[in-house]
Amino acid sequence: MPELPEVETVCRGLRGFLPQQTLAWVTVRRRDLRVPIPLDFEQRLLGRTVLRVERRAKYILWYLDSDDVVLVHLGMSGRLFGYRHGDPKRPQAAAKHDHVWLRTDDDTLICFCDPRRFGLFTVCHSSQLASHPLLKDLGIEPLSPELQPQYLRDHLATRRVPVKVALLNQAVVVGIGNIYASEILHRARTSPERSASELTTAQLKALCQAIPAILRQAIEAGGSTLRDYVQADGELGSFQNLFAVYDREGQDCQRRGCPGTITRIVQAARATYFCPRCQH
DNA sequence: CGTACACCCTGGCCGC
DNA sequence: TGCGGCCAGGGTGTAC
């Protein structure tokens with residue numbers, strides 16, 4: 001479900017609820033997520049104040065006043081909601097897949113719901129963050145100045161996979177998932193089937209422009225809502241209305257003047273959409 | 001080291 | 001209406 005734009009949107013939403021709030025109640029309804037919720041989780045969060053909320057790759061980080069950091073990953077189907085005191089939409093009881101419920105001392109309710117349980121909700125000490133197994137091999141942030149043609153050239157030189165598959169590799173550039181990989185390659189007029197190691201200089205440059213351009217545009221739209229993703233305040237994302245290729249098999253290419261038709265192929269067991277006419 | 005593939009889990013949709 | 005098969009925005013462990 002959530003790629004960088006969705007995670008960033010959820011993060012921004014949480015910043016309206018959490019910072020400077022103290023966690024007054026923590027309920028874990030099931031611990032067996034992709035990474036089991038540690039047994040001391042509740043004790044480490046209770047009574048702590050959230051100083052700030054940050055994003056790294058597709059992870060949401062809550063920095064606590066105890067020097068612990070809460071790590072949340074939404075996996076494919078995870079959602080994080082905040083409800084203020086008196087919010088009419090605020091649930092009375094946990095729903096089937098609500099795994100974690102938290103209340104702050106101003107009576108805001110934070111619900112973590114994840115039907116498929118590919119997500120995770122855990123805590124680690126800030127001194128261990130950089131070396132944490134989940135974070136230590138992550139590549140550069142796609143919205144940072146580190147994203148340069150030379151960086152991509154260096155890191156893709158030995159990759160014999162198609163460029164679409166390489167874009168999904170979080171050890172190179174983080175945050176790009178299956179939807180935005182297709183959208184980025186269309187914007188960069190690059191075929192998803194091209195070998196990552198054989199991209200031209202022009203294509204590397206085009207990717208370095210398309211990656212942040214697509215992701216920023218998607219963040220601005222509040223992410224994409226396909227089936228179940230919603231923002232932390234319950235609002236829907238709208239970038240799905242701006243898809244140029246994703247889930248548009250058989251439809252006309254959106255590029256001005258391009259007479260092509262969007263094609264669906266499968267790469268690394270995942271759907272890829274592109275226009276064979278204008279992507280080379 | 002890099003790559004391919006199975007697998008984790010639930011739910012929605014489609015065709016029969 | 002029911003059921004099997006397939007699909008889904010992510011990531012890991014294993015074998016080669």
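Chain identifiers are assigned alphabetically (A, B, ...) following the order of the sequence lines, protein sequences preceding nucleic acid strands; residue numbering begins at 1 within each chain.
- Spacing between atom CG of A:Asp98 and atom C1' of B:dT10 amounts to 15 Å, rounded to whole angstrom units.
- Taking atom C1' in both B:dG12 and C:dG11, the straight-line distance is 22 Å, to the nearest Å.
- Between B:dT10 and A:Ser77, no contact under 4.0 Å exists linking OP1 or OP2 to a side-chain N or O.
- Listed nucleotides: B:dC9, C:dG11, C:dG9. Nearest to the side chain of A:Phe118: B:dC9.
- The backbone N or O of A:Val26 lies less than 3.5 Å from no partner atom in the side chain of A:Glu42, so there is not a single donor-acceptor pair.
- In this structure, A:Gln251 places its CD atom where more than 12 heavy-atom neighbours from other residues, nucleotides or ligands lie under 6.0 Å away.
- Nucleotide C:dC16 holds its P atom 21 Å from the CZ atom of A:Arg160, rounded to whole Å.
- In this structure, A:Arg34 and A:Val165 both approach DNA chain B, and ranking their closest nucleotides by distance from the 5' end singles out A:Val165.
- A distance of about 15 Å separates the P atoms of C:dG5 and B:dC7, rounded to the whole Å.
- Atom CZ of A:Arg160 has 12 or fewer neighbouring heavy atoms from other residues, nucleotides or ligands inside a 6.0 Å radius.
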(request) Kindly express the pairing pattern of DNA chain B in dot-bracket notation, using | wherever a base pairs with another strand and counting only Watson-Crick or G-U pairs under 3.5 Å. (result) .|||||||.|||||||
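- Considering only side-chain N and O atoms, A:Arg270 lies under 4.0 angstrom from the phosphate OP1 or OP2 of C:dG9.
- At whole-Å resolution of the value, CD in A:Gln267 and C1' in B:dT3 are 14 Å apart.
- When the side-chain nitrogen and oxygen atoms of A:His73 are compared with OP1 and OP2 of C:dG10, none of them lie within a distance under 4.0 Å.
- A salt bridge (Lys or Arg N to Asp or Glu O under 4.0 Å) check over residues 170-198 of chain A, counting only residues at least two apart or in different chains, returns nothing.
- Atom pair A:Leu226:CG and B:dG11:P shows a separation of 19 Å (rounding to whole Å applied).
- At a threshold of 4.0 angstrom between heavy atoms, the contacts of A:Ala268 with the nucleic acid are absent.
- Side-chain atoms of A:Thr27 and A:Arg103 include no donor-acceptor pair closer than 3.5 Å.
- Summarising the geometry, the separation between CG on A:Asp137 and P on C:dG11 is reported as 13 Å, rounded to the nearest angstrom.
- Neither OP1 nor OP2 of C:dG9 sits under 4.0 Å from any side-chain N or O of A:Tyr180.
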Name each donor-acceptor pair under 3.5 Å that joins a side chain in residues 132-140 of chain A to protein atoms two or more places apart or in another chain, with its distance.
{"from": "A:His132", "atom 1": "ND1", "to": "A:Leu134", "atom 2": "N", "distance (Å)": "3.0"}

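- With respect to A:Glu54 and A:Arg52, a salt bridge is recorded, a charged nitrogen being found less than 4.0 Å from a carboxylate O.
- Taking 3.5 Å as the limit, the base of B:dC9 and the side chain of A:Arg117 contain no donor-acceptor pair of atoms between them.
- Rounding to whole angstrom units, CG of residue A:Leu74 and P of B:dT10 are separated by 18 Å.
- Straight-line distance from the CZ atom of A:Arg116 to the C1' atom of B:dG12: 11 Å, rounded to whole Å.
- For A:Lys96 and B:dG11, the shortest distance from a side-chain N or O to OP1 or OP2 is below 4.0 Å.
- Closest contact between the side chain of A:Lys58 and the listed nucleotides B:dA4, C:dG9, C:dG10 involves C:dG10.
- Neither OP1 nor OP2 of B:dC9 sits under 4.0 Å from any side-chain N or O of A:His97.
- Counted within 6.0 Å of NE2 on A:His85, heavy atoms from surrounding residues, nucleotides or ligands total 12 or fewer; the atom is thus considered open.
- Across the protein-nucleic acid pair, A:Met76 atom CE and B:dC7 atom P stand 17 Å apart, rounded to whole Å.
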